[in-house]
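Working notes, structure below.
We're numbering straight along the sequence, starting at 1.
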Amino acid sequence: MPGLFQRLFSPRWRHKDPAVRAQAASQLSPNELDTLRQLAMDESARVRQAALARVQDLDWLFQWHSQSPSEESFQRLVDLLGGRVSPSPDLNTRLATVEQLQDLALIDALISHGDNQALRLSALARIDDEGRLIHHACENGITAVRHAAAERVTSPEGLARLIKQARRDKQVARLARERLANLRADAEQQNREEVEREKLLETLETQAHRPWEPMFEARLKHWIKSWEALTGNADDTQRARFDAAVTRCRQRIAEHEHRHREIERVKREKSEAQTTREGILDALDQALKIALEAERLTPEVLQALQGKWHLQEERWQDVSDHYGVSESFQQRYLALDHRAQSIWQAWERLQAEAPALRAGLKGEQPLQPVLDRLAWPGELPPTELVLDAQRQAAADRRGGDADNVASSASHWPEEEVAAQLEALTQELDQGRYRPASQLHRRIRQHLETSGQRLSPTHDQLYKQQTARLAELRDWRGFAAAPKREALLAAMEALVEARERSDAERHRHHQQLIREWRQLGDAAATRELAQRFRNASDALHGQLADWEAELESREQDNLAAREALCEQLEALLANPSADADPDGLRKVRDAAQEQWDHHWPVPRRQAASTGRRYARLRRQLQSLIDERAGDVAGHKRELVEQARRLAEDPAPATQRAEQAKSLQQRWRDLGRAPKGIEQTLWRQFRSHCDDIFAARDAARGEQQTRQQQRFDDMQALIDRVDAWQPDSAQERDVLDAALAEAQRLAPLPRSRRSDGMEKRWQGIVHAREITLDRLALVEEAKQWPDYRHWMRQSLQGELDTSQLAGDLRQAIETQAEQRRLQSPAQAEEILQRCLVQLTLLAGDAIPEALEPLRLEVQVARLNDGLGRPPTPPEELRQTLLRLMSTAPLTMETWERYEPAFDSVMAHLGQNGRHRDAEAIDII
C-alpha cells in the first residue's frame, strides 16, 4: 500500500516515464529552482531540455552547467546569451556576461549564432586562436564579424589559409591578399635592410684595415648615420660587429691624430729650438759685450766668458744635434765664435809678451815694438799690465805736437760727458750692476787715454757714482757668497754620493759647473775656487770609466752619423729616376730618425758633422721639392681630365669607372707640395664628386624604374590572382595579362623577382586549368547535339550542310570507313572512344573495357609527344572520331549510348570528379 500511495500522490516530475517528467518540467514555475536543478541533471535529454527551458537566470545555468555539463545546458546558455529565445536578458547584461566568459566552445557558438553584431564582436574579442579566427572570417554570417576576425589574422600562414578559404566574402580575401602582400613586402624590405646592413658591416670591417685618407673620418660618420637608419631589426651579433668595426676605425682616426700631434709637436719643438738658438746667440753676444765692456780684462773675466761660452756652446750643440741648424744661424754663430777666438788669442799673446812688457815698463827696452807684436784688440779692455804699458807709451808720445793735437781732438764735449754721467746714474738707480760697470769703464778708459780733465761739477758727480758702483759691487759679492758656498757644498756632497748613478752624477756635475761660472767674479776667492776645482777633479776621477764608456758611445754615434751622411751622398749622387716624392720623404724622415737616435757625439766633431748633414738634408729636400713639382704637373693634368670627364655626355656608369681609374693614378703619383696638393685635391675631388653624383642619380632613376616595374608586376599578379573566370570565353583576359607581363619582363634578378616569377607561373597555370575546365564543361554540354547527330547519321537522315567544317568532314568520312572497316572494328573504335572519355572524366572504366586502358593510354602518350592537346581539344577530337566511326548499327549504338551519356554528364557538371588522369599524363 505505501508504494501505491506513493505512486498515486508523488509529483509528476518524479514519474518513471520521461515523457511525463518532461511535460511536468515544462509546467514548473521558474522559481522552483531546486526541482528544476534536479530535472536539469535528469538522465533523459528530453527532460533536461524541458527543465532548462524554464530557467531564465544565467548564474544558475552557469553553475549547473559547470557541475553537470550537458548538450542541453550548453544549448540553453547559447540561446539565452545569443538572444535566440524570448524572453532573454537585455543586451547590456549579455555583453557583460560575454566579457567574463572562459568557455571557448560557448564563445565560439555565440560568435556564430548571436542575434546581435555587438554581441558577436564582443565574443570574438575573447578568442585568440588564429584557426578559429580564420573559420569565423570565412563562415560567419555577419560581414562586420568576418572583417573583424580577418583583421586579427596576422601570420603569413594564416593569411594564406584565409585567402584560400574566404570564398564567401571576396572583400575578406582581398584584404587578406593585401595584408599578405604587405607582410611579404615588409619581409623583403627587411631582407634588403639585412643585405644593406651586411654590406655596410663588410665595408666598415674593410675600411678599418685601409690606409688613411682625407675622407676617412667623414665616411665613417656617413656610415654610422646609415647604420642608425638600419638598426631596427639588427641582431646582437651585427651590433657587436658594428661596434667592433667602428672602434677599430676610431682607433685608426686616433692613431692618425696622434701622428698629426706628433708632427705638430716636432714642428713646435723645432720652433722652440729656433727660439732657443736665438737665445743662445743673444747670450753669446751678451757675454762678449760683458767681457769687452769690463773695466779690466782679468783672468776672472776671461774665465767667466769661457764658462758662459762653453755652456751656450753645449746648448747650441744639443739643439743642432736634434734639429739641425740653418745657414744664417750658423754664420752668426761662427762670427761670434771668431770674436771669442780673437779674445783668447790676444790673451795667449799677452801671456807670451808679458816678460817683454814688464821689461819695457822698467825701461830696459822700448814698449812700442812689444805693443805692436801684442796687437791688443781695440775693443778688448786692457789688463793692468797692458794699460800701464799703453800709458807709458802714451806718455812717451805726449811731448810731440802731433800727439797733443790728436789728444785734444779726442776730448769729449761737455754735453757728451753729461750724457754719459746721466746714463751711469740711471743704471745705478735701477740697481743694474753690469751696464753700470760697462759705462763706468768706458768713461774711465776715455779719461785715462785722452788725458781730459772734467769740470768740477762733473768730476764731483763722477766720484759719487764711482763710490756707488763700489757699494753695489760689494753688495753683489755679499749676495753671491752664500750661493758659492752652497755650490761648493753640493759639489763636495756629490763626490761622496756614490750610491747615485754615474749618468745622474755627471749631469749634476755639469749643472754645478755652469751655475758656478754664471756667478762670474762675484764673491770669488782663491780658496773657494781651489776647493771647487779639487772636488770637480775628484768627481772626474770617479767617473773616469763611465766617461770613457760615454766617449766610446759618442764615437760609435759619430761613426753612424758619418755613415748616414755617406749614404745620403750616394743617394743624392745617383737619384732613382722613378723615385716618387713620398718615397724620398720616407728616406728623409728615416734619416732624421737615425740621426736623432745616434746621440750624443764628441763635441769637437759635432758641429762639422751637423753642418754636413744639414747640407745633405737641404739637397735631399730640394730633390723632394723637384719631384713633388713634377707630381703637381701630372696631377694638374688629372684635374683637367676629371673636368672634361665631368662635362662628358657619356653614360654616368662609364664615366664613374673612368673616374675610379683617375683616382688610382692620383694615389700612385704620390704627394705634391703641401699647399699645391690641397688645392689640386679640392679641384679633383669636386669633379669626381660631380661624376659620382651623376652616377648615383642615374642609379636612383634606374632603381625607381625597376621599383615601378616591380610594383606594376605585383599589381598584375594581385589582379590575376583575384580574377576567377566564369566562362571559357574569358581567355582573352589571361592573354592580355600575359602580354602585359611580357612587356614588364625581364625583371631585375633578385630574390623578390624569383618569388614573383614563381607565383606568376603558378597563378597562370591555375587560371589555364580553370579555363580548360570551363571549356571542357562547355564542350561536354554540347553532347545532346552530338548524340542527335549520331542517331540521324545512323538512320541516314542527317543533313551535313548545316554542320561545322570539321564535324561535317568527320561524318563524310563514314562512307570511307564503311568500306575499309568491319562492324567489329567499328565497335572497337567505339569502345576506345568510351575508354578515352572515361579516362578524361576520371570515372571507373567498365571491367569489360579494362583491357583497352593500356592501349588507349599509350595512344594518348604518342599523341602528346609534340604539343599535348588540352582537355577541351582532346574531348573535341574524341567526339569527332566517334562521329566518324563506321559501320555501326543502331542496336550497337544504343547498347553503348547510356555509358556515353553517363560520362558526358559527369564532364558537363564540373569537367571531372577528381584530378583527371589525362591531365596528369599531360
Side-chain angles (χ1 to χ4, degrees), residues 189-272 580-583 585-586 588-590 592-593 596-597 631 635 642 656 659-693 695-696 699-700:
Q189 178 66 22
Q190 292 178 4
N191 291 335
R192 287 196 298 271
E193 291 181 357
E194 180 71 20
V195 173
E196 293 179 4
R197 279 196 300 270
E198 190 65 28
K199 183 178 179 181
L200 181 59
L201 288 173
E202 293 177 357
T203 302
L204 280 172
E205 291 170 348
T206 304
Q207 183 71 13
H209 302 287
R210 288 181 177 175
W212 175 264
E213 57 180 346
M215 296 299 293
F216 192 98
E217 188 172 2
R219 288 178 178 174
L220 178 61
K221 292 180 179 179
H222 170 71
W223 288 327
I224 292 176
K225 186 176 181 181
S226 300
W227 173 265
E228 291 174 352
L230 298 173
T231 54
N233 298 316
D235 55 22
D236 295 339
T237 303
Q238 291 178 329
R239 294 180 187 273
R241 288 177 59 192
F242 173 78
D243 294 338
V246 171
T247 301
R248 288 194 295 270
C249 290
R250 286 174 174 168
Q251 287 177 353
R252 292 296 306 280
I253 295 173
E255 291 173 359
H256 172 75
E257 292 177 350
H258 175 71
R259 289 195 296 269
H260 182 71
R261 286 195 297 269
E262 286 296 316
I263 294 173
E264 293 296 328
R265 181 186 62 80
V266 172
K267 291 182 180 178
R268 184 172 60 255
E269 290 180 355
K270 289 185 177 180
S271 177
E272 294 175 355
D580 63 345
D582 287 339
R585 290 187 183 101
K586 292 179 180 179
R588 179 197 62 191
D589 296 340
Q592 184 64 43
E593 183 178 355
D596 295 339
H597 176 71
V631 170
K635 288 195 171 182
K660 291 179 181 179
S661 64
L662 292 180
Q663 289 178 339
Q664 183 62 40
R665 291 171 55 190
W666 181 283
R667 288 190 291 268
D668 295 340
L669 284 174
R671 290 179 297 166
K674 184 175 181 181
I676 301 176
E677 173 75 17
Q678 294 175 350
T679 302
L680 294 176
W681 170 248
R682 284 194 295 269
Q683 298 174 2
F684 182 74
R685 185 179 63 182
S686 176
H687 297 320
C688 290
D689 290 344
D690 294 341
I691 295 171
F692 292 127
R695 181 199 62 182
D696 294 340
R699 285 181 177 177

ask   = Can you name the residues that form a salt bridge (Lys or Arg N to Asp or Glu O under 4.0 Å) with Lys586, not counting sequence neighbours?
value = none
task = Could you tell me the separation between the CZ atom of Arg667 and the CG atom of Leu662, rounded to the nearest 0.5 Å?
result = 11.0 Å
key: Donor-acceptor under 3.5 Å (Ser686 side chain, Arg682 main chain)   = no
note = Taken in chain and number order and not counting sequence neighbours, the residues that satisfy side-chain hydrogen bond (donor to acceptor under 3.5 Å, both in side chains) with Asp582 are Arg585, Arg671
message = With rounding to the nearest 0.5 angstrom, report the CD to CG distance, Gln592 to Asp589.
response = 8.5 Å
request  = Just jot down the salt bridge (Lys or Arg N to Asp or Glu O under 4.0 Å) partners of Arg241, sequence neighbours excluded, or say none.
outcome  = Glu198, Glu205
task = Please work out which of the three classes, parallel, tilted or perpendicular, describes the rings of Phe684 and Trp666, given edges at 30° and 60°.
result = parallel
query = Should we count CD of Gln664 as having more than 12 external heavy atoms under 6.0 Å?
reply = yes
request  = Take Gln683 and Thr679 through the side-chain contact (heavy atoms from CB on, under 4.5 Å) test and state the conclusion after the steps.
outcome  = CA-CA 7 Å; Gln683 298 174 2; Thr679 302; 3.8 Å; yes
Interatomic distance, Lys199 atom NZ to Thr203 atom OG1 [nearest 0.5 angstrom] = 6.5 Å
ask   = What is the minimum heavy-atom distance between Phe692 and Ala656, and which atoms define it?
value = CE2-O, 3.7 Å
request  = Would you give the length of the straight line joining atom CZ of Arg685 to atom CG of Leu680, rounded to the nearest 0.5 angstrom?
outcome  = 12.5 Å
